[in-house]
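Here the structure is laid out as structure tokens; the discussion comes afterwards.
Remember, predicted model here, so these are calculated numbers, not experimental data. Each residue takes its place number in the sequence, starting with 1.
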Amino acid sequence: MDEKAAPVRIEPLPEPPYVYHYIRPRPKVVVKRDLLPGLVVLLTTFAFGLPAGYLWSWLAPAQLKIVSPNDNKFYPIGVESYHRLDALMVFVMIGLGAGAITGIAVWLLRQRRGPVVMLAMTAGSFAAAWFSQYLGGNLAAGAYPMPATIKPGDTLLVAPSLETWWGILAWPLAAALAYGCCAAWNGLDDLGRRLG
């Protein structure tokens, strides 16, 4: 047997057909075109503070208090002091629900997705929460008027009130979180604006 074998000839592989790869340019943030829709979102969100304030004044519990004979101040009877926290939690729950609905509703405005509309939505949610706290307090005070004459030892229903402004943060935080979760779930660079 011949030790010198014929060299093996290696044929080059045929070149694959040319494939054109289009790389889409990275979308830029649209500011000028989204300013007017952002203002509309802000004002529309602010308007929803009215029904939220009315709903809170209707749901928040009043406190049964007694007039002290010593200093003529109102003191809650028994566990009625818990209604202070109940009023705040009702307001926070209304804010969280309204914020989640606001965030999802604004996300559905496909042609306007982006940071401008999100910031407008958050600012409108903050303003709506403030307005609902202000309006709800006035409506609740009107629903539980104080009697003309108050004597020591009298018991009366005192209108619910929000003694802290921290509850205002629930609505804008929930709206921003809902919008941010939708944006993270979307995963497209332009948030799907071009598809609308």
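Shown here for S57 and G136, the closest heavy-atom pair between the two residues is CB-O, 3.5 Å. Taking each heavy atom of D34 and V116 in turn, the nearest pair found is O-CG1, 3.6 Å.
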Start with the C-alpha distance between W130 and Y134, add both sets of side-chain angles, then the distance that settles ring pair (Phe, Tyr, Trp, His ring centres under 6.0 Å), and finish with yes or no.
-> CA-CA 6 Å; W130 173 84; Y134 172 76; 5.8 Å; yes
Under the side-chain contact (heavy atoms from CB on, under 4.5 Å) criterion, do R112 and R33 qualify, and how do the steps go?
-> CA-CA 9 Å; R112 299 299 172 208; R33 198 171 42 176; 3.8 Å; yes
Could you walk me through whether Y144 and L156 pass side-chain contact (heavy atoms from CB on, under 4.5 Å), step by step?
-> CA-CA 9 Å; Y144 299 98; L156 51 113; over 6 Å; no
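In terms of modelled atom types and a separation under 3.5 Å, the side chain of Y179 and the main chain of G114 share a donor-acceptor contact. Listed for the E80 side chain is a donor-acceptor partner under 3.5 Å among the backbone atoms of L64.
No path of Ile, Leu, Val, Met, Phe, Trp and Tyr side chains, each step under 4.5 Å between heavy atoms, connects I77 with M146, placing them in separate hydrophobic clusters. Hydrophobic clustering, with ILVMFWY side chains joined whenever heavy atoms are under 4.5 angstrom apart, keeps F74 apart from L157.
Around the OH atom of Y82, the shell of radius 6.0 Å holds no more than 12 heavy atoms that belong to other residues, nucleotides or ligands. No more than 12 heavy atoms of other residues, nucleotides or ligands shown are found within 6.0 angstrom of CE on M93. In the displayed structure, Y54 atom OH is contacted under 6.0 Å by at most 12 heavy atoms of other residues, nucleotides or ligands. Counted within 6.0 Å of CZ on F46, heavy atoms from surrounding residues, nucleotides or ligands total more than 12; the atom is thus considered enclosed.
Taking the six-membered ring where the residue is Trp, F91 and W56 present perpendicular rings, their angle passing 60° and hence far from 30°.
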